[in-house]
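Note sheet for the following structure.
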Amino acid sequence: MVDQEKVNPAVRLLLDGIGENPDREGLIETPDRIARMYEEIYGGLDESAKVHLRKTFHAKDNEMIVEKEIPFYSTCEHHLLPFFGQAHLAYIPDGKVAGLSKLARTVDVYARRPQIQERLTGQIADALMSCLHPKGVMVLIEAEHLCMSMRGIKKPGSRTVTVVKRGEFLENPELARTFYAMLGRA
Ligand code: ZN
């Protein structure tokens, strides 16, 4: 839960600190708005992917399942600026599959908190491994970081790609190639 009583005065102080007048008309409700917005964009801190991945279905065959182009929005923990893009997931079930919407939910649980892209990628893979006990998982995330686009090296449109493999994807490069081909990246 976001503690409004802490966030409100902190945002006021922040506005004051950058040389703004927190009492002017346009800013007077901003601390309140930000506190409410944080409930949503940092709501993943109170959530567990286990809740979403608890309900599973029995799978007869254990072919690779790919859920691609899952849009997500997260916040870089170094600058508190957004990074956003698409997550692509693959897993090879071992008798258990999750509902497709639950995979997107899992991405959200970990995206909606202060994050770095590398950890986000790993946490999604680990959640799938521990809840579905599949034979393997692979997660690829591509994202634009506003802390790179609007400040610092200013490279708008450049995207950061992170990849995490678990289980059979580590042992068998053919599986990773199949996944890349399904993403049109082969
Ligand atoms: Zn950053």
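Numbering of ligands and ligand atoms starts at 1, following listing order.
For His79, the N, O or S atom with the smallest separation from the Zn ion (ligand 1) is ND1.
Residue contact annotation: His78 places no N/O/S atom under 2.8 Å from the Zn ion (ligand 1). Residue His145: no N/O/S atom is found under 2.8 Å from the Zn ion (ligand 1).
Counted by atom type alone, Ser158 and Glu144 present zero donor-acceptor pairs between their side chains at under 3.5 Å. A donor-acceptor contact closer than 3.5 angstrom is absent between the side chains of Gln115 and Ser74.
Annotation: Arg105, atom CZ; neighbour count of heavy atoms from other residues, nucleotides and ligands within 6.0 Å does not exceed 12.
The existence of a salt bridge linking Glu39 and Arg36 is excluded, since no basic side-chain nitrogen approaches an acidic carboxylate oxygen closer than 4.0 Å.
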